[in-house]
Amino acid sequence: MPELPEVETVCQALRDTTTGEKIVSVWNSGKTMRWPIPENLGEQISGAVITGIRRRGKYVLMDLEVTERPSLTMLIHLGMSGSVRITALNREEDKRAEGEKPHDHLVLMTRDGTKGKSGHHVVLNDPRRFGGIALCRKGDEIHHPLLKTMGIEPLGNAMNGPFVHEAMAAKKTSIKAALLDQRIIAGIGNIYASEALFRAGISPRRQARNIGPERAGRLAHAIVDVLKDAIADGGTSLRDHVQPGGEIGYFVQRLDVYGRDGETCRRCGGQVRMIRQAGRASFYCPSCQR
DNA sequence: CTCCTGACCTGAGTGC
DNA sequence: TGCACTCAGGTCAGGA
C-alpha cells in the first residue's frame with residue numbers, strides 16, 4: 001500500500017499529535033508480521049517520551065527517549081496493507097478511545113505529561129502482515145539491516161538529473177523496475193513509478209540504461225513533483241489506506257495512468273494501457289511515453 | 001554480482 | 001448464495 005507520500009502523511013500526523021508525549025502503555029498482538037514483533041517491545045518502550053518522528057524511504061522512524069537508558073528508534077513499515085490510526089484520548093470519557101479492531105498489531109497509549117492532559121491511542125493495523133516493527137538504538141538506524149542499503153531520498157538534496165542518469169546507466173532492467181528498487185531511490189512504489197514516468201513522458205518499458213541525460217532530468221523533476229503533489233493531497237487512498245485520522249487521501253483523483261487501463265489519456269486523448277513487468281502492473285500511455 | 005520468480009498474507013471483486 | 005479464482009500500494013530468499 002503505502003508509498004512515500006502515504007508514509008509521509010502518517011509521519012506528519014504522528015508528529016503533530018504525539019511529539020513530546022509519553023508512552024504509558026503498550027499492547028501488541030503477538031502475531032508475526034513480516035518478521036516477529038521485537039520481544040519485550042512493551043518493556044523497552046513503556047515510559048518513553050516520543051521526541052521525534054522521521055521518515056526514511058517507506059519507514060516511519062519514531063525516536064524515543066527512555067530515562068537512564070540509551071535513546072531508541074522504532075522502525076515501522078506498513079507493507080502493502082498497513083495503516084495507522086490516531087485517536088485523541090479523552091479524560092472525561094475515562095481515557096478510552098475505542099476498542100481493538102481486527103488486524104490491530106500495536107497499540108500505544110500516550111499521555112501529554114507536561115500539560116497533564118490525556119494523550120492518544122496510536123494503532124498500527126495491517127491485515128496482510130507484510131509490514132513490520134523493529135527497534136534499535138537511536139543513531140544506529142542508518143546501519144540497521146533494513147535501512148543500510150537504502151538509496152537516496154527523492155525529496156532530498158541528492159535527487160537530480162545527473163544522479164538519475166548515472167544510477168540508471170548501470171541497470172539492465174526496465175526503468176519501471178529500476179524505480180521500484182529501493183536501493184537506488186527510496187520510497188517510490190508501484191503507483192508513483194507509473195505516475196512519474198507518465199509525467200516525464202518515458203515509457204515504462206524503456207531500458208534503464210537508455211535513459212539519457214535529458215530524460216533523466218525530466219524524470220527527476222517528475223518524481224519530485226508527483227511525490228510532492230501526492231503529499232499535499234494526503235496520499236492516495238485505494239483499498240486499505242486512510243490517513244491516521246480516518247480521512248482518505250485525495251490524490252487518487254489526480255492519478256493520470258495508475259488503475260486507468262482502457263481509459264482516456266488526459267494529455268493526448270489516446271488510451272491508457274496496462275502491461276505486466278516483473279510481476280507487477282504498469283500503466284502508461286503508449287503515445288505520450290517513449 | 002544482477003535479474004527474475006515465487007512466496008509471504010488477507011480481503012475484495014468477478015464470473016460461473 | 002456459494003465457490004473458485006484473480007488481484008492488490010512491498011519485500012526478500014532462491015535460483016538462473
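Please read all numbers here as calculations on a predicted model, not as lab measurements. Side-chain atoms are counted along with the backbone in the values below, which use heavy atoms only and exclude waters and symmetry mates. Within every chain, numbering begins at 1; the chains are lettered A, B, ... in the order of the sequence lines, protein sequences first and strands thereafter.
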Q. dG14(C) and dC9(B): how far apart are their P atoms, nearest whole angstrom?
A. 15 Å

**Q.** Working for side-chain contact (heavy atoms from CB on, under 4.5 Å), residues M150(A) and Y59(A)
**A.** CA-CA 11 Å; M150(A) 195 163 276; Y59(A) 285 85; 3.7 Å; yes

Q) According to a strict under-4.0 Å criterion, is K58(A) in side-chain N/O contact with OP1 or OP2 of dT11(C)? A) yes

Q.
Nearest to the side chain of R128(A), heavy atoms from C-beta on, is which of dA8(C), dC3(B), dC12(C)?
A. dA8(C)

Q) Phosphate oxygens OP1/OP2 of dT11(C): is one of them under 4.0 Å from a side-chain N or O of H77(A)? A) yes

Q: Using a heavy-atom cut-off of under 4.0 Å over every strand shown, decide if A177(A) touches base, sugar-phosphate, or nothing.
A: nothing

Q: May I ask you to verify if any side-chain N or O of R276(A) is less than 4.0 angstrom from the OP1 or OP2 atom of dA8(C)?
A: yes

Q: Evaluate side-chain contact (heavy atoms from CB on, under 4.5 Å) for T17(A) paired with T110(A), printing each intermediate quantity in order.
A: CA-CA 10 Å; T17(A) 53; T110(A) 65; over 6 Å; no

Q | Distance in Å, M62(A) CE paired with T19(A) OG1, rounded so as to fall on 0.5 Å steps | A | 8.5 Å

(Q) Which residue in the set I45(A), V49(A), T73(A) passes side chain to side chain contact (heavy atoms under 4.5 Å, CB included) when paired with L64(A)? (A) I45(A)

Q: Consider the side chain of R129(A), meaning its heavy atoms from C-beta on, and name the nucleotide among dA8(C), dC9(B), dC12(C) that approaches it most closely.
A: dC9(B)

**Q.** Carboxylate-amine/guanidinium contact R254(A) D229(A), below 4.0 Å
**A.** no

(Q) Ring centres within less than 5.5 Å and planes less than 30° apart: is that true of F130(A) and dT11(C) in this structure? (A) no

Q) Hey, is the side chain of H103(A) poking within less than 4.0 Å of OP1 or OP2 on dG11(B), counting only N and O atoms? A) yes

Q. Reckon K171(A) has a side-chain N or O less than 4.0 Å from the OP1 or OP2 of dC3(B)?
A. yes

(Q) For DNA chain B, please output the secondary structure as dot-bracket, reading 5' to 3'. Pairs are Watson-Crick or G-U wobble, both atom distances under 3.5 Å; mark crossing pairs with [ ], other-strand partners with |, unpaired with a dot. (A) .|||||||.|||||||

(Q) Under 4.0 Å from OP1 or OP2 of dT11(C): is there any side-chain N or O of Q182(A) that close? (A) yes

Q: State plainly whether the residues R199(A) and E195(A) are in salt-bridge range, i.e. N to O under 4.0 Å.
A: no

Q. Does a side-chain N-to-carboxylate-O contact under 4.0 Å join D104(A) and R85(A)?
A. yes

